[in-house]
Number of protein chains: 2
Amino acid sequence: MKQRRESDNTSSVTIHEVAKHAGVSSMTVSRVINKNVPVREKLRTKVLESIKALNYIPNIAARSTRSGDSGIRIGILYSHPSASYLNEIMLGGLEQASKLGTQVLLEKCGGLQSQKTAVSRLVEAGVDGVILPPPLCDSAPTVQMLTREGIPVLALATARPLPMVSAVRIDDFEGALALTRHLTKLGHKRIGFIKGDPSHTPTEVRYEGFLQGLDEADLPLLDDLVVQGMFTYKSGLEAGRKLLDREDRPTAIFASNDDMAAGVMAVAHGMGIHIPEQLSICGFDDTPVASTIWPQLTTVHQPIVAMGKSAIATIVEKIKEARTSGQMGKPKRQLMKFTLMDRESTGPAPHRD
Amino acid sequence: MKQRRESDNTSSVTIHEVAKHAGVSSMTVSRVINKNVPVREKLRTKVLESIKALNYIPNIAARSTRSGDSGIRIGILYSHPSASYLNEIMLGGLEQASKLGTQVLLEKCGGLQSQKTAVSRLVEAGVDGVILPPPLCDSAPTVQMLTREGIPVLALATARPLPMVSAVRIDDFEGALALTRHLTKLGHKRIGFIKGDPSHTPTEVRYEGFLQGLDEADLPLLDDLVVQGMFTYKSGLEAGRKLLDREDRPTAIFASNDDMAAGVMAVAHGMGIHIPEQLSICGFDDTPVASTIWPQLTTVHQPIVAMGKSAIATIVEKIKEARTSGQMGKPKRQLMKFTLMDRESTGPAPHRD
DNA sequence: CTTGATCATGATATCGATATCAGATATTGT
DNA sequence: ACAATATCTGATATCGATATCATGATCAAG
């Protein structure tokens, strides 16, 4: 058993103890940690050694009091609490917020009317910025109400950010294109497509990416094989039935999100269609369900947790910028990298009889 | 447009401004907020009014520096990152941690060997307490390593907490019993059961709850209708096939968790079995998938987010207690309330032909 | 070798809240 | 009405870190 902490109950090591141990002032330690200001190599090394020796970890709470990130309040306004991405957004967001010592207020809302009251509740609470996850990220009225109050807004995972709002997102077009290329390279020529909820911006953009992918492979668009969905499992079920219940069914189906892909897969299972030997299926988003179901889904991974983090960091930056300059600058747009997750639900196109 | 903040860029209202506005000292304001110490009614009212007038929200970062919650480091050691409950645990945990100004270290590990190194990394980092989500919550070696170092451990969502560890959990037995009663009340007499991974403690306890439920309804246990699963979707698929591919298939299936229930449902869809008219299915945990799939799953809701919060709060309490008394006291055990989510996947037993 | 500029370091004030203790006020008993 | 408590309230120190400014060290150029 190794001895930890000699005699104190108080456990945590402070910057001052590190400073004493290294024979420098606490400011030097602070500078070493924060890397912004140069510190002579000799001292830096000594400090780093002391930090290791004492297992020093900075106290973020204390840090944020002085550094001005503290006292910032960020609202997150969401409308679809069950959506699985919300958890992950929150996860990244809260982690980042706790790192920055920033406070986060959650506000839930439903219809347009309740959006109004939710927004005014946030304004009352004095939030300095608001993050809008989908589908609210595309709600012009909400954005307007907020910007009219002079509150910076950040849209998360929208496909087409409204003017004036900052955004953290992936390129839905490129994602859909990559996925479509993946299918065409596997030799698929009859590819079904399930659209998402028409009121969400990614719906159209993903469809456009799909079209581009067909075009690149010199494949015609088969109108019959494009069906409307709503981003829900149930709509995937129905769309799947429509697509698979026909003589000349597609050899691959591109569902605009994972939930619908899971629905299609359930239908396929039900019809005894083997995946991926007889049918390839792919989704979009890489939500938990994608790796839960069997076979695991080929899909486009959105780095949601990282996006949540980035969202907080970005809006904090905007807020500080606004405080300094006294006016709202240009919105910041950030495009994150997506990843094509090539898993087990897609394979070479079956030979035609 | 209403004016927020007269002229300052600095936005956030401090306790001192409230104090000035109310004509009292900041300590009085602090006391009103924290309610621990009585404040004369007259002042309290004035203070509360000022708080409202100024939209004051306490700065948690600042609070935690002085109050001693700060500087506490809590490790969360997890081994199964994809599990959907993990997100939610983290969600609750991080929220609470940020409220308390407590720092959280995440450590991931796989097999037993990597558990050792993960634990020592946490110890090196000087964590004051460790939270173990499932399935690590039942790992005796991990718990031993930690307690030997004098570090309090809290097991989250275990069915049978090891001695010496604190725990936040629901009563898996009662949950399974409630679910079974629900099925028997609906008239089901042939009920299939899918067990979970034998190495997880809830597996057995839920099974026992099921047995008790049968017993209460004077139903015999039908051995053929109990099949082994592994808590995964895929194992649910296989178990579902076994249970439904027989002449005298059950009229209801109790899967030990939601993922397996989803698998069963996929099989049922595939066989053209209508749910819930011809077959009732229920799961356990109320993970996101339960409300994603169609029809939505009847299941037992574990208040995971709240449990994550409570876990942080509880272990912080333990840590402070240990710091004060200088020794590890008795473990704290907390039983949360579960909720039976009666949704669409269960219905009255079909008439026998 | 000195001067002036540049760079690194440290002393001190500060962030926003709470702990602590002393002083002020109200309450009680006689 | 007065002393003795019991209750409130406020002044000040403090938490752990960083911002700021002043000072000491270092270096290039003359």
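The chains referred to below are lettered A, B, ... by the order of the sequence lines, with proteins before strands, and numbering in each begins at 1.
- One atom, CZ of A/Arg63, and another, C1' of C/dT14, lie 17 Å apart when rounded to the nearest Å.
- In this structure, A/Ile60 places its CD1 atom 15 Å from C1' of D/dC15, rounding to the nearest Å.
- One donor-acceptor pair, N or O on each side, does fall under 3.5 Å between the base of C/dT14 and the side chain of A/Arg66.
- Between A/Lys320 atom NZ and C/dC15 atom C1' the separation is 13 Å, expressed in whole Å.
- The side chain of A/Thr14 contributes no N or O atom lying less than 4.0 Å from OP1 or OP2 of D/dG16.
- For C/dT9, neither phosphate oxygen OP1 nor OP2 lies less than 4.0 angstrom from any side-chain nitrogen or oxygen of A/Ser25.
- When the P atom of C/dA19 is taken as reference, atom CD1 of B/Ile33 falls 12 Å away, rounded to whole Å.
- Remark on DNA chain D: of its neighbouring residues A/Asn36 and A/Thr65, the 5'-side contact belongs to A/Thr65, judged by nearest-heavy-atom nucleotide.
- Without hydrogens or angle criteria, A/Asn59 side chain to A/Ala61 main chain gives a donor-acceptor distance under 3.5 Å.
- In terms of phosphate contacts, A/Asn59 brings no side-chain nitrogen or oxygen within less than 4.0 Å of OP1 or OP2 of D/dC15.
- Salt bridge status for A/Lys52 with A/Glu49: absent, with no side-chain N to carboxylate O gap under 4.0 Å.
- The shortest distance between the side-chain N/O atoms of A/Ser30 and the OP1/OP2 oxygens of D/dA17 is not below 4.0 Å.
- Between the CD1 atom of B/Ile15 and the P atom of C/dA19 there is a distance of 11 Å, given to the nearest Å.
- The local environment of NZ in B/Lys20 is sparse, with at most 12 non-hydrogen atoms from other residues, nucleotides or ligands closer than 6.0 Å.
- Nucleic acid contact for A/Leu43: sugar-phosphate only, since backbone atoms but no base atoms lie under 4.0 Å from a heavy atom of the residue.
- In terms of position along DNA chain D, the nucleotide closest to B/Arg31 lies nearer the 5' end than the nucleotide closest to the other residue of the pair A/Arg40 and B/Arg31.
- Residues A/Lys318 and A/Glu321 are paired through a salt bridge, judged by an N-O separation under 4.0 Å between the basic side chain and the carboxylate.
- We find that CG of B/Leu100 is positioned 13 Å from P of C/dT18, with the value rounded to whole Å.
- Checking A/Ser26 against A/Pro38, the closest nucleotide of DNA chain C that is more toward the 5' end is the one next to A/Pro38.
- Regarding A/Glu41, its CD atom lies at a distance of 16 Å from the P atom of D/dT26, rounded to whole Å.
- Here the side chain of A/Arg333 pairs a donor or acceptor atom with the backbone of A/Val165 at under 3.5 angstrom.
- For the pair B/Met27 CE and D/dT14 C1', the interatomic distance rounds to 12 Å; values are reported in whole Å.
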